[in-house]
Each structure stands twice: as C-alpha cells, then as structure tokens.
Amino acid sequence: MKTLRQAKIGETVKVVKLHGEGAVKRRIMDMGITRGVEVYIRRVAPLGDPVEVTVRGYELSIRKADADMIEVE
C-alpha cells in the first residue's frame, strides 16, 4: 500500500482509497480528493509537512497526517 505522503515530487498518482473516518474523511473528499482522481505532487515542504498537490486543476496543501490516509497507485 502506497500513500500520498510516500509519492515523489513530480509524480502523478491515482487515488485508490481513502482511509479515516467521519469528519476527516469528509473534509478530504470536500477538497476534491476522491477515488479515481489523479493527483500531481508539486512540492513538499522541507520538513515534509505540508505536501502541495494539484488536483482537479487547482493547487492544494495537505498535512502529512491527512496524506497518510490517502492510498494511491
């Protein structure tokens, strides 16, 4: 299982599954990250938090704790 946090800069990955429950999962889905969507890894902050991605045509910053909940391929 590979998570969004483990993806490399410049890589485009496809979301397979969202882990987590309740409000956290709902917030991730509200940001446009749903199963089947492609996510491009733009850059990662020096200490690994946050991760900046492009999803559905816009830039988004995600905390590494949230990025660990997103399974990709």
Side-chain angles (χ1 to χ4, degrees):
M1 178 180 96
K2 181 178 177 182
T3 65
L4 188 63
R5 182 176 172 192
Q6 297 166 334
K8 305 290 183 218
I9 296 171
E11 193 176 356
T12 300
V13 294
K14 186 176 180 182
V15 176
V16 177
K17 185 177 181 181
L18 295 176
H19 298 278
E21 297 191 12
V24 176
K25 184 174 181 179
R26 176 92 245 145
R27 185 169 44 83
I28 291 171
M29 292 175 71
D30 288 344
M31 289 189 281
I33 300 174
T34 56
R35 194 172 77 218
V37 74
E38 291 194 349
V39 179
Y40 172 73
I41 312 303
R42 290 178 45 95
R43 59 184 160 203
V44 179
L47 297 176
D49 195 17
V51 178
E52 188 174 308
V53 299
T54 301
V55 59
R56 299 183 189 259
Y58 68 95
E59 284 82 36
L60 179 66
S61 292
I62 303 173
R63 295 180 300 192
K64 60 183 176 183
D66 293 343
D68 272 338
M69 295 181 198
I70 304 168
E71 185 178 335
V72 297
E73 64 180 6

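What you are looking at is a predicted structure, and each value in this text was computed from that prediction instead of being measured.
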Requested in this report: Check side-chain contact (heavy atoms from CB on, under 4.5 Å) between Thr3 and all other residues, then give those that pass, not counting sequence neighbours.
Outcome: Met1, Arg5, Gln6, Asp68
**Report entry** side-chain hydrogen bond (donor to acceptor under 3.5 Å, both in side chains) involving Thr12 - partner list, sequence neighbours excluded
**Finding:** none
Report task. Using the side chain to side chain contact (heavy atoms under 4.5 Å, CB included) rule, pick out the option among Asp49, Val51, Ile28, Ile33 that qualifies with Asp66. Result -> Ile28
Requested in this report: Among Arg26, Met29, Met69, find the residue that satisfies the side chain to side chain contact (heavy atoms under 4.5 Å, CB included) test when tested with Leu18.
Outcome: Met29
Report summary line: Contacts of Val39 meeting side-chain contact (heavy atoms from CB on, under 4.5 Å) (sequence neighbours excluded), chain-then-number -> Leu4, Val13, Val15, Val37, Ile41, Val53, Val55
Report task. Could you tell me which residues satisfy side-chain contact (heavy atoms from CB on, under 4.5 Å) with Lys14, sequence neighbours excluded, listed by chain and number? Result -> Glu73
Query raised in the report: Taking only residues two or more places apart in sequence, or in another chain, which ones meet Arg43 in a side-chain contact (heavy atoms from CB on, under 4.5 Å)?
Result: Glu52
Requested in this report: Measure the CZ-CD distance between Arg56 and Glu38 for me, rounded to the nearest 0.5 Å.
Outcome: 11.0 Å
**Report entry** All salt bridge (Lys or Arg N to Asp or Glu O under 4.0 Å) counterparts of Glu11, not counting sequence neighbours
**Finding:** Lys2
Requested in this report: Could you state whether Val44 and Val72 fall into the same hydrophobic cluster, counting links through intermediate Ile, Leu, Val, Met, Phe, Trp or Tyr residues with side-chain heavy atoms under 4.5 angstrom apart?
Outcome: yes
